[in-house]
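Structure, as structure tokens:
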Amino acid sequence: MAQLPAWHEAYPPPRNQSPTVVTRQKLLQWFRGGKTPGVDFLLVDLRRTDNEGGTIKGSINLPAQSLYFSLPTLLNLCQCAGVRTVIWYCGSSRGRGTRAAGWFQDLLDDRQVSGMTSAILLNGVTGWARAGEEYTGLMEGYDPEKWSNAN
């Protein structure tokens, strides 16, 4: 049986293969310092069918598989709202997160948008959920069973 192509092969590969990184410690500082998701920065959870276990507070869910053609609209919304940093994540931020951050950075470059950053959350939501209560306390729908059984 022939294997189907990966979902992302329907889109061009991002030119930017090494996006800016935001650590969970830095994001935690932003939360504790009074920065607000959706106002001061945007968190985008790219998971689709693997989103069990919760998401980081204030995140929007834009599954990576249907994201590509929505990026110009997302950029317009961010510009109108004054959002300066968009942080993308999936389970690990190594596949979908890196790809989405790259696509968005490519769009920023193509449109010559300055002052906005496209970044990944280092180690994704898995790293966040496994880092302890100070992190899981900032999750919506947190289910410890999901994270204790994850690989």
Side-chain angles (χ1 to χ4, degrees), residues 7-8 11-147 150:
W7 66 268
H8 55 84
Y11 310 109
R15 295 187 307 270
N16 182 321
Q17 297 286 320
S18 300
T20 300
V21 171
V22 172
T23 65
R24 68 178 166 265
Q25 295 87 350
K26 180 67 156 178
L27 185 54
L28 182 63
Q29 285 178 343
W30 288 0
F31 275 108
R32 288 182 173 168
K35 288 191 175 190
T36 305
V39 176
D40 300 301
F41 59 93
L42 182 64
L43 283 168
V44 183
D45 184 342
L46 296 160
R47 297 173 298 155
R48 182 177 63 174
T49 57
D50 60 334
N51 64 356
E52 309 88 4
T55 192
I56 301 170
K57 178 182 174 182
S59 297
I60 61 171
N61 180 243
L62 298 174
Q65 293 81 353
S66 58
L67 175 71
Y68 187 78
F69 293 111
S70 301
L71 291 173
T73 300
L74 183 66
L75 173 57
N76 291 338
L77 291 169
C78 288
Q79 288 177 307
C80 289
V83 171
R84 309 308 286 165
T85 305
V86 179
I87 304 169
W88 308 89
Y89 68 89
C90 56
S92 68
S93 294
R94 290 185 192 98
R96 293 168 289 184
T98 298
R99 192 169 287 109
W103 283 332
F104 197 67
Q105 185 61 56
D106 290 348
L107 181 61
L108 295 174
D109 294 345
D110 291 347
R111 295 208 178 162
Q112 299 178 352
V113 174
S114 60
M116 189 178 297
T117 302
S118 178
I120 59 167
L121 176 62
L122 186 63
N123 299 318
V125 70
T126 302
W128 182 274
R130 291 182 174 173
E133 287 183 26
E134 61 188 338
Y135 294 93
T136 59
L138 290 169
M139 291 183 73
E140 295 170 344
Y142 174 68
D143 178 1
E145 289 281 316
K146 160 63 175 139
W147 303 108

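Keep in mind that the numbers below use all heavy atoms, side chains included, and drop hydrogens, waters and symmetry copies. For clarity, every value in this text was computed on a predicted model and none was experimentally measured.
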Pairwise distance CZ(F41) to CG(L27) - rounded to 0.5 angstrom: 5.0 Å
Taking T98 for the side chain and G95 for the main chain, is one N or O donor matched with an acceptor at less than 3.5 Å? no
Correct closest heavy-atom pair for S118 and A101 would be OG-O, 2.8 Å
Between F104 and N16, does the side chain to side chain contact (heavy atoms under 4.5 Å, CB included) criterion hold? Intermediate values first, please. CA-CA 9 Å; F104 197 67; N16 182 321; over 6 Å; no
Set of salt bridge (charged side-chain N to carboxylate O under 4.0 Å, His left out) partners for R24, sequence neighbours left out: none
As a quick check of understanding, evaluate side chain to side chain contact (heavy atoms under 4.5 Å, CB included) for L121 and I56, giving each step before the final call. CA-CA 11 Å; L121 176 62; I56 301 170; 3.5 Å; yes
Quick one: which residue pairs count as a ring-ring contact (aromatic ring centres under 6.0 Å, His included) with a foot in residues 109-136, not counting sequence neighbours? W128-Y135
Using the ring of each side chain (for Trp, its six-membered ring), is W103 parallel, tilted or perpendicular to Y68, with breaks at 30° and 60°? perpendicular
Do side-chain atoms of Q17 reach the backbone of P14 as a donor and acceptor pair under 3.5 angstrom? yes
Is there side-chain contact between M116 and Q79, with at least one heavy-atom pair below 4.5 Å? yes
I need the Q105 CD to L71 CG distance, nearest 0.5 Å. 12.0 Å
Looking at L42, T55, D45, L43, which hits side chain to side chain contact (heavy atoms under 4.5 Å, CB included) with I60? L42
Atom pair OH/OG1 of Y89 and T126 - distance to nearest 0.5 Å: 10.5 Å
Work out which heavy atom in N61 is nearest to a heavy atom in R47; give both atom names and the distance. ND2-O, 2.8 Å
Between T36 and V39, is there a donor-acceptor pair closer than 3.5 Å when you use the side chain of the first and the backbone of the second? no
Just wondering, do V22 and W88 contact through their side chains at under 4.5 Å, heavy atoms? no
Kindly determine whether V86 and T117 satisfy side chain to side chain contact (heavy atoms under 4.5 Å, CB included), including the steps that lead there. CA-CA 6 Å; V86 179; T117 302; over 6 Å; no
Test salt bridge (charged side-chain N to carboxylate O under 4.0 Å, His left out) applied to R111 and D106, step by step: CA-CA 9 Å; R111 295 208 178 162; D106 290 348; over 6 Å; no
Between G97 and C90 the two heavy atoms that sit nearest each other are N-SG, 3.5 Å
Test salt bridge (charged side-chain N to carboxylate O under 4.0 Å, His left out) applied to E52 - qualifying residues, sequence neighbours left out: none
Quick one: CZ on R48 to CG on L46, what's the gap to the nearest 0.5 Å? 12.0 Å
Could you state the interatomic distance from OG (S70) to CG (L75), rounded to the nearest 0.5 Å? 12.5 Å
Step through the shown structure and confirm whether more than 12 heavy atoms of other residues, nucleotides or ligands are within 6.0 Å of CD on E133. no
For R94 and N123: C-alpha separation, side-chain torsions, deciding distance, then whether side chain to side chain contact (heavy atoms under 4.5 Å, CB included) applies. CA-CA 7 Å; R94 290 185 192 98; N123 299 318; 3.4 Å; yes
Charged N-O contact under 4.0 Å between D50 and R96: yes
Does the structure place the NZ or CZ of R99 under 6.0 Å from the centre of the six-membered ring of W7, at an angle of no more than 45° from the ring's axis? yes
Nearest-0.5 Å distance that lies between atom CD1 in I87 and atom CD1 in I120: 10.5 Å
Side-chain (Y11) to main-chain (Q65) donor-acceptor, under 3.5 angstrom: yes
